[in-house]
Each structure stands twice: as structure tokens, then as C-alpha cells.
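The structure appears below as C-alpha cells.
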Number of protein chains: 4
Amino acid sequence: MNQERKLKVIQSTNKLGRPRDTSRDLVIIETTLRHLTLYGYEALSTTEIAKDAGVSKATIYRRWPSKRFLIIDAFKTLPRLEVPNTGNLEGDLKDLLDQLHFLFTSTYVLPVLQILTGEMSHDEVLQEELLPWLEERYYPGRAIIERAIEKKELPEDIDLETAQSIVVGPLLTMVSYSKTNIDEEVLTNLFNFILKALNYKSEEPE
Amino acid sequence: MNQERKLKVIQSTNKLGRPRDTSRDLVIIETTLRHLTLYGYEALSTTEIAKDAGVSKATIYRRWPSKRFLIIDAFKTLPRLEVPNTGNLEGDLKDLLDQLHFLFTSTYVLPVLQILTGEMSHDEVLQEELLPWLEERYYPGRAIIERAIEKKELPEDIDLETAQSIVVGPLLTMVSYSKTNIDEEVLTNLFNFILKALNYKSEEPE
Amino acid sequence: MNQERKLKVIQSTNKLGRPRDTSRDLVIIETTLRHLTLYGYEALSTTEIAKDAGVSKATIYRRWPSKRFLIIDAFKTLPRLEVPNTGNLEGDLKDLLDQLHFLFTSTYVLPVLQILTGEMSHDEVLQEELLPWLEERYYPGRAIIERAIEKKELPEDIDLETAQSIVVGPLLTMVSYSKTNIDEEVLTNLFNFILKALNYKSEEPE
Amino acid sequence: MNQERKLKVIQSTNKLGRPRDTSRDLVIIETTLRHLTLYGYEALSTTEIAKDAGVSKATIYRRWPSKRFLIIDAFKTLPRLEVPNTGNLEGDLKDLLDQLHFLFTSTYVLPVLQILTGEMSHDEVLQEELLPWLEERYYPGRAIIERAIEKKELPEDIDLETAQSIVVGPLLTMVSYSKTNIDEEVLTNLFNFILKALNYKSEEPE
DNA sequence: CAGTAATCGAGACGGTACGTCCCGTCTTTAT
DNA sequence: ATAAAGACGGGACGTACCGTCTCGATTACTG
């Protein structure tokens with residue numbers, strides 16, 4: 001599972017000579033994330049990152065072919081959603097919303113995702129590189145729904161694609177475009193909305 | 001209402017001298033939108049826009065202080081949501097989803113919004129400039145919900161902020177991160193999900 | 001004689017309409033000379049001259065086809081050498097050196113001449129325009145020599161071209177490249193040098 | 001002595017990193033001299049020089065802070081007068097006039113000197129930078145006169161400043177403002193004029 | 001004495017150079 | 001071979017000026 005978080009740096013092909021200092025990888029990535037969040041994609045400069053990270057530009061370009069790929073790799077080091085497994089849909093959904101809330105408010109995920117989404121809009125290479133990877137992050141949404149269907153907590157004929165967009169979309173939109181503080185109450189409202197949207201019947205009353 | 005769509009170009013200070021050629025404003029804006037969609041924020045070059053629009057750089061910088069403000073203004077010329085008024089929530093929601101679908105698939109709105117969202121993440125000026133304006137676009141979502149509450153089509157205690165995020169969020173997320181084609185069926189699924197989420201009871205109690 | 005000093009402004013061909021305001025010619029020329037002396041050829045800007053002279057750029061370009069010709073015309077308004085006629089070469093030469101000294105230290109002539117000399121070096125149009133006119137200024141040097149030859153004050157076989165360069169050249173070079181103050185003594189030294197160079201024999205064989 | 005001819009390029013501050021390619025200095029200087037002579041100060045464009053020299057603008061601006069200083073440096077690479085030492089004033093003066101003639105007709109010296117003289121007229125920085133350096137070129141004139149005084153070839157009380165202006169001034173003025181071809185005869189005339197002006201007595205006839 | 005037309009100041013226009021900065025590559029010495 | 005340092009060609013930035021143009025207002029002559 002950690003496997004997937006490995007950096008996609010260009011690997012050295014040669015075994016001769018001085019070996020790469022892998023600690024540099026991390027410093028560069030961290031500096032990149034910081035700059036990206038502070039200045040955005042355009043104002044981000046490899047020259048500046050190199051200075052700030054105490055690294056030469058060659059050291060950066062030896063690992064990544066361009067600014068774009070450095071940023072992609074930086075993004076991929078960010079924390080990801082974990083598939084919840086609480087036993088029922090209610091618990092799983094609550095857990096997922098909490099995870100999303102955490103990612104969007106306490107990590108670099110939101111700004112970097114937004115910046116890369118902007119870049120993806122006109123960059124097919126970036127799309128091909130990132131979309132499958134983003135699906136991984138979505139997967140938890142889909143996974144808990146599939147499990148709920150198996151358990152008959154949800155009707156069989158539910159459309160997975162739409163269903164998972166209902167789980168992630170509203171929260172992402174709120175953190176992106178609303179100044180409203182996302183507190184426990186909002187999360188609870190959202191939780192209820194989603195359950196109702198999915199036609200979830202609480203197990204007990206039956 | 002059209003007032004708000006007026007370009008925020010730097011206005012000439014007095015009435016002396018040769019007046020600005022307003023037709024240039026439009027050519028520049030259109031060229032900008034085209035380039036923005038094709039090349040993105042970073043690769044967008046005022047030098048190129050000037051050449052392509054058959055205009056001098058001075059003519060651009062006379063109107064907008066920098067690339068960033070040119071893009072903001074370009075965004076503001078894009079079509080907006082209109083408040084539906086079909087008589088009931090079902091009709092309004094259907095209309096709204098159709099409008100959103102159209103905006104996201106047949107206009108420049110989606111890429112430009114994504115690019116600007118990325119820029120907003122680290123640029124407070126841009127946020128202050130754009131967020132209130134985006135709220136305008138959201139407003140239709142809120143408006144139809146408020147109207148439905150008045151008409152008792154929806155329960156009174158519904159949270160507006162969350163509710164409107166349910167209307168726009170899933171679709172925006174789908175068009176941004178899913179390769180799924182958004183067809184009539186998907187829209188219908190979404191429509192049903194939203195109505196259920198909002199606890200909407202069809203008027204004719206079947 | 002004043003004929004030659006007339007400005008070469010483009011004349012209005014039409015007798016209809018509002019007549020040119022000739023007072024503008026002078027204001028522009030004077031502002032040009034001031035700016036030329038203060039800022040030089042390159043930094044001289046018609047935009048700035050227009051502002052400073054309280055005139056529009058069109059008013060300038062209606063009279064002169066370009067910056068270059070404006071400057072030429074400005075130069076031509078500067079005072080010129082007058083042919084001395086004191087009765088003998090000694091008096092004439094003294095008078096001429098005094099005139100040159102005055103032109104070089106109390107008027108705009110020196111800086112403007114230097115600037116235009118620099119421009120002439122690579123601009124044939126300017127050469128053709130200015131060289132004959134400069135010869136006019138030289139002419140006094142040649143004139144007094146020719147007169148002295150006629151009067152047998154100077155040998156017949158003297159080379160006019162070289163002779164006049166001896167009259168003007170040293171002083172021009174000194175004011176251009178030496179920080180030495182040109183006082184009465186220097187002028188007297190120069191005066192004596194020149195007379196000796198020309199093989200002048202004082203009439204009253206002392 | 002060669003020390004003084006070294007370019008005043010902005011020196012790299014330390015010995016780390018890729019060293020400056022000094023061959024670029026030369027290409028840039030040569031291109032500058034060519035353009036200066038062809039197009040003059042104003043029309044000279046660093047952008048064009050860069051293109052023509054196959055060099056980037058950064059490479060130019062890394063070495064010189066502006067066009068002006070590039071030109072100054074270019075001027076300083078031009079050949080200079082050498083102090084003649086033939087044994088007597090006659091030989092030295094002949095040699096000097098020949099050198100001047102060569103410099104003014106077969107090198108870039110004249111146009112560049114004229115252009116810089118024009119710029120100096122309103123630019124104190126340039127004056128302070130160039131005048132002492134020009135004095136070096138004059139020095140040969142002064143040097144041969146001083147030597148002649150020591151040798152009693154010339155009277156003791158001669159004014160050096162004026163005397164050297166007689167050596168250089170007439171020729172400079174002729175090449176600047178006269179279309180006359182400067183041939184052997186003109187040089188001989190000038191030579192004789194100068195010797196007479198300085199009161200030189202040929203050694204032998206005595 | 002109203003109509004006409006060139007003039008005026010102001011400033012917009014296309015074009016182009018300025019000097020700065022960044023990209024991604026290359027070249028040096030040291031490890 | 002890798003490291004830091006920084007030079008390299010290329011090219012965009014935002015500013016400023018050139019010489020042209022277009023606007024409303026002014027100012028003489030014409031009819």
C-alpha cells in the first residue's frame with residue numbers, strides 16, 4: 001500500500017559513481033508543496049525551489065523532467081483516503097466524511113488538487129497521469145457503497161458513478177467556494193442528505 | 001442585472017482624446033478565453049494574445065493591469081445560470097441541472113473555472129474578487145430551494161448552504177474527475193438523488 | 001540672411017480652415033533644445049516634449065516628419081558665426097575666436113553639435129542635410145583667410161581646407177575633451193599659434 | 001598598460017559554478033561596434049545584438065548593466081595611439097598624424113568617438129568614465145611635445161594644453177565635417193602648419 | 001453671419017525595444 | 001556519477017516611446 005506512494009523520480013541507471021542522495025528527494029518535494037501552496041503553479045519557480053531547498057537545479061532536473069512532473073510527484077506524496085470498515089454504511093460514511101474534512105482543512109491536499117485540476121483542463125498528459133490516481137482516492141466512496149449494496153443496505157440498482165459523486169462532490173464544492181466554516185453540524189447535515197439520497201434504510205426500525 | 005456583467009476594465013479618466021475602441025475589449029477577451037482553454041494559465045502569454053488578436057500589448061495593458069485581471073474579466077463574460085421558475089421544485093431542479101450540464105460541456109466555463117479555482121487557492125485578491133461573483137452563480141441553487149421551502153415543498157429546517165452544495169457539487173465533481181459521459185440518464189439519477197436528499201415529497205401523494 | 005535661418009517646417013498647403021499657430025513652432029523648438037541638452041538624443045522623447053511644451057504630438061508631427069528633423073531644425077535656429085571685418089587678419093581672427101568661444105560656452109551650440117555629429121556618423125540623410133549648413137558656419141574661417149591672401153597678409157599657396165581646420169579645430173577639441181577652462185590666456189595662445197601656423201607676418205615690421 | 005584596456009564587464013563574484021565564456025564577451029563587443037557604426041546609438045538594440053551575436057539577452061546583461069556601458073566597453077577595445085619615439089619632433093609628429101589618420105579612416109574609432117561625445121554632453125557619468133580615458137589617447141600628443149621641450153627643440157614657455165589641441169584638433173575636425181579626402185598632401189600641410197605654430201626650428205640649418 | 005475645414009489638445013492605436021526573470025540545459029570543481 | 005553553483009539560449013513580462021489615428025472643441029476664412 002505504501003508502494004503506491006513511492007516517488008516517480010527518474011531512477012539512476014548506473015551503478016557507478018557517487019550514489020544519489022535520496023534525502024534530497026524529500027526536501028525538494030516538501031519545498032515544492034510549500035511553494036505551490038503559497039504561490040501557485042505559475043509563480044512557482046524551480047530556480048526558487050532550488051535556492052530554498054539548498055539544492056542545485058541540476059539535482060531537481062536529474063529527478064524530474066520538468067516542473068509539471070515535479071508537482072505531480074509532490075501531489076502524490078500527500079495523504080490519501082483509507083477505505084473505512086466499520087461494519088455498516090452509516091459508520092463508513094461518517095468516517096469517510098471525517099477523512100475528507102481532515103484532508104481538505106489540515107493538509108496541502110486541497111490547494112494542490114485545485115491547482116492541478118486547473119492544469120489538467122488543458123493538459124492531456126496531466127489528465128492521463130492524474131485521473132486514474134484520483135480514482136484511487138474516490139475508490140473509498142465507491143467501495144463502501146458497493147459493500148452496502150452487497151449487504152442489502154442499499155438498493156441494487158443504484159448508479160455507482162453518480163452515487164460516489166454525491167459523497168465527495170458537495171464537500172469539495174463547499175470547501176472550494178463557500179466561506180462557511182465546515183463544522184460538525186454541517187458534516188452531520190451532509191451525512192443525512194447523502195444517506196437519504198442513497199435511499200438508505202436504517203437497520204434497526206425494521 | 002446586466003450591470004454586473006460589465007467588464008472591469010480600467011476606465012479612461014476623462015472624456016478628452018480619442019476614445020477607447022470598445023470592440024477591442026471583446027476581441028481581446030475572446031482571444032484570451034480561447035488561449036486559456038487551449039494552453040492554460042501558465043502558458044497564456046499576453047504577447048501571443050496581442051499578436052493573435054491583432055492588437056498591441058499597450059492596448060491590453062491600458063485596460064487590465066496584468067494577465068490575472070484580464071483572465072478574471074474574461075471569466076466574467078461567460079454565460080451564467082438563470083434562476084428557473086417553472087412552478088415547482090421538480091421543474092426548477094431539472095432546469096438547473098440542464099443549465100449546469102450545458103455550461104460545463106458547451107462553454108468555456110469549466111476549464112476557466114477550474115483554472116481560476118486553482119489560482120484562488122493562494123491568491124486572496126482573486127478570492128475577494130471572484131467568490132462573491134461565484135455566489136451569484138450559486139444563487140439559483142439557493143433560490144429554488146428557498147422558494148420550495150416557502151411553498152412547503154421542502155421542510156423548513158433544511159440547511160441552505162449544504163443543500164445547495166448538493167445541487168451543484170456532484171455534477172461539478174463528475175465533469176472534473178470522471179471520464180463518464182454525462183447523459184440524460186446520469187442527470188436523471190442525479191435529479192432523483194437530490195430530491196430524495198432534500199426530503200422532497202411529490203405534491204400528488206401517489 | 002535671416003532667410004537661411006527660417007525653419008524648415010512642413011508648410012500647410014491649404015488656405016482653408018484654421019491657420020497654423022506659428023507661436024507653437026518656437027515653443028516646440030525651444031523645448032526640444034532644452035531637452036536635447038538635458039537628456040541627449042536617445043532619451044529625447046516627442047511625447048515628453050509635447051507634454052512639456054503644452055502641445056499635442058499631432059502638432060509636432062504636422063510640422064516635422066520625425067524626431068530627427070525636429071532636432072535638425074532646432075539646431076538651425078541656434079546662433080551662427082558672423083564674418084568679421086575688422087580690416088586685417090589679426091582683428092578678424094581675434095573676433096572669430098571670441099565668437100567661437102561664446103558659441104561654445106554660452107549657447108546650446110556645443111552639445112547639440114556634438115549630438116548631431118554623433119548621429120551624422122551613420123546617417124547619410126543627416127549628413128546631406130547638415131554638412132553644407134555647417135560649412136556656412138565654417139565659411140567665416142575660410143572667408144577671413146581668403147581675404148588675407150588677397151591683401152597679401154598670407155602667402156598665396158596656402159591650403160584653405162587645412163587652414164580653416166586650424167582655426168576651428170583646436171578650440172572645438174579643447175571644449176569637447178578638456179576640462180581646462182578656456183580663458184583669455186588660452187585664447188591668446190591659440191591666436192598666436194594660428195597666426196604662426198599660417199605664416200602671418202605682422203604688417204608693421206616691428 | 002594592457003591592464004587599462006581590460007573590459008569593465010561585471011565580474012562574477014566567486015569561483016563556483018560554470019565560468020563565464022569569455023569568447024562571448026568578444027562576439028558581443030564586435031557585434032556592438034558593427035551595429036553602432038551601422039545604425040548609431042539610438043537605433044542600436046540589445047535585442048538585435050543578442051540575435052545577431054547568437055547570444056541571449058541575459059548573457060549581455062550579465063556583463064553590462066545597460067546599453068550605455070556596453071558601448072563604453074566596446075569603445076575601449078578599439079586601438080589606441082602609441083607614443084612615437086623616432087628621435088626628434090619632426091619624426092614623432094609625422095608618426096602621430098599617420099596614426100590618427102589611420103584610426104580615423106580605417107577603424108571604428110571615429111564614429112564611436114563621435115557618438116560617445118554626443119552622449120557625454122549631457123551625461124556626467126559618461127564624462128567621468130571617458131574623459132580620463134581619452135586623455136590617455138591624447139597623451140602621445142603631449143608626450144612628444146614635452147620631450148621636444150626637454151630636447152630644446154621647442155621653446156620652454158609653450159602651453160601644453162593648447163599645443164596638443166593643435167596636434168589633434170584640426171585633423172579630427174576635418175574628418176568630422178569636411179568631405180575632403182585626407183591624403184598625403186593634406187597631412188603634409190597640416191604637419192607644416194603644426195610645426196610652424198609650435199615655433200619649431202629645424203635642427204640642421206642652424 | 002452661418003457653414004466649412006484645417007487646426008488645436010488629448011490620448012488611443014500597432015509596433016517594437018527595454019531590462020528583468022524563469023525554464024530546462026550545460027559546464028565547471030569538489031566529493 | 002552526483003553535488004552546488006551558476007552561465008547559457010530562448011522567450012514572456014509589464015513599461016515606455018514612436019509615428020499615426022481619431023475624437024470634440026476652436027478659429028479663421030468663405031459664400
Side-chain angles (χ1 to χ4, degrees), chain A residues 12-21 24 42-48 50-51 54-62 64-67, chain B residues 12-21 24 42-51 53-67, chain C residues 12-21 24 42-51 53-62 64-67, chain D residues 12-21 24 42-51 53-67:
Chain A
S12 185
T13 48
N14 239 306
K15 302 196 165 187
L16 295 173
R18 176 172 169 177
R20 288 250 181 102
D21 179 349
R24 251 80 176 183
E42 197 191 25
L44 189 85
S45 121
T46 51
T47 308
E48 236 19 71
K51 267 181 203 157
V55 141
S56 83
K57 284 210 288 177
T59 301
I60 296 179
Y61 283 97
R62 209 173 283 119
W64 297 278
S66 74
K67 209 167 89 165
Chain B
S12 190
T13 44
N14 55 42
K15 295 177 176 196
L16 294 174
R18 177 173 171 178
R20 295 260 175 88
D21 181 349
R24 250 87 172 187
E42 197 190 25
L44 190 84
S45 127
T46 52
T47 306
E48 273 322 297
I49 289 177
K51 267 181 203 155
V55 139
S56 84
K57 282 211 287 178
T59 299
I60 296 179
Y61 282 99
R62 213 174 276 123
R63 289 164 168 75
W64 297 278
S66 73
K67 215 166 84 165
Chain C
S12 185
T13 48
N14 238 306
K15 301 196 166 188
L16 295 173
R18 177 174 171 176
R20 290 254 178 96
D21 180 350
R24 251 81 176 184
E42 198 192 23
L44 189 85
S45 121
T46 53
T47 306
E48 236 20 70
I49 288 176
K51 267 182 203 155
V55 139
S56 84
K57 282 211 288 177
T59 300
I60 296 179
Y61 282 99
R62 211 174 280 120
W64 297 278
S66 75
K67 209 168 90 165
Chain D
S12 191
T13 44
N14 56 42
K15 295 178 176 193
L16 295 173
R18 176 173 172 178
R20 293 261 175 88
D21 180 348
R24 250 85 171 187
E42 197 190 25
L44 189 85
S45 127
T46 52
T47 307
E48 273 321 298
I49 289 177
K51 268 181 202 156
V55 139
S56 84
K57 282 211 287 179
T59 299
I60 295 180
Y61 283 99
R62 213 174 277 123
R63 290 164 168 75
W64 298 278
S66 72
K67 214 166 86 165

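Only heavy atoms go into these numbers, but all of them, side chains included; no hydrogens, no water, no symmetry mates. The sequence lines fix the lettering, A, B, ..., with proteins before strands; numbering per chain opens at 1.
The line from NZ of Lys67(D) to CD1 of Ile49(D) is 8.0 Å long, rounded to the nearest 0.5 Å.
The distance between atom CD of Glu48(C) and atom P of dG9(E), rounded to the nearest whole Å, is 16 Å. Distance Trp64(B) CH2 to dT15(F) C1': 18 Å, rounded to the nearest Å. Spacing between atom NZ of Lys51(C) and atom P of dC18(F) amounts to 10 Å, rounded to whole angstrom units. Nucleotide dA17(E) holds its P atom 10 Å from the NZ atom of Lys67(D), rounded to whole Å. One can place CZ of Arg20(C) at 6 Å from P of dC8(E), the figure rounded to the nearest angstrom. A straight line from CD of Glu42(A) to P of dC21(E) spans 16 Å, rounded to a whole angstrom. What separates CG of Leu44(B) from C1' of dC13(F) is a distance of 12 Å, to the nearest Å.
Looking at heavy-atom distances under 4.0 Å, Ile60(D) makes no contact with the nucleic acid at all. Note on Ile49(D): nothing from the nucleic acid sits closer than 4.0 angstrom, heavy atoms only.
Phosphate proximity of dC18(F) to Thr47(C): present, with a side-chain N or O under 4.0 Å from OP1 or OP2. Residue Ser56(C) places none of its side-chain N or O atoms closer than 4.0 Å to OP1 or OP2 of dG11(E). Distances shown here put a side-chain N or O of Thr46(C) below 4.0 Å from the OP1 or OP2 atom of dC18(F). For dG9(F), one of the phosphate oxygens OP1 or OP2 lies less than 4.0 angstrom from a side-chain nitrogen or oxygen of Thr59(D). Regarding contacts with the backbone of dG9(F), a side-chain N or O of Arg24(D) is found under 4.0 angstrom from either OP1 or OP2. Neither OP1 nor OP2 of dG11(F) sits under 4.0 Å from any side-chain N or O of Ser45(B).
The residue among Gly54(C) and Pro65(A) whose nearest nucleotide of DNA chain E lies closer to the 5′ end is Gly54(C).
Between its two ends, the helix from dC1(E)-dG31(F) to dT31(E)-dA1(F) turns its axis by 20°, counting five pairs per end and rounding to 10 degrees.
The side-chain contact (heavy atoms from CB on, under 4.5 Å) test applied to Thr59(B) returns Arg24(B), Ile28(B), Val55(B), Ser56(B), Arg62(B), Arg63(B), not counting sequence neighbours. Scored by the side-chain contact (heavy atoms from CB on, under 4.5 Å) test, Pro65(C) finds Ile10(C), Phe69(C) as partners (sequence neighbours excluded). Taking Lys57(D) as the reference, nothing meets the side-chain hydrogen bond (donor to acceptor under 3.5 Å, both in side chains) condition, with sequence neighbours excluded.
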Base-contact (B) and sugar-phosphate-only (S) positions in nucleotides 21-31 of chain F, heavy-atom cut-off under 4.0 Å, - elsewhere: BBB--BB----
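Of the listed nucleotides (dC8(F), dC23(E), dA3(F)), dC23(E) has the atom at the smallest distance from the side chain of Tyr61(A).
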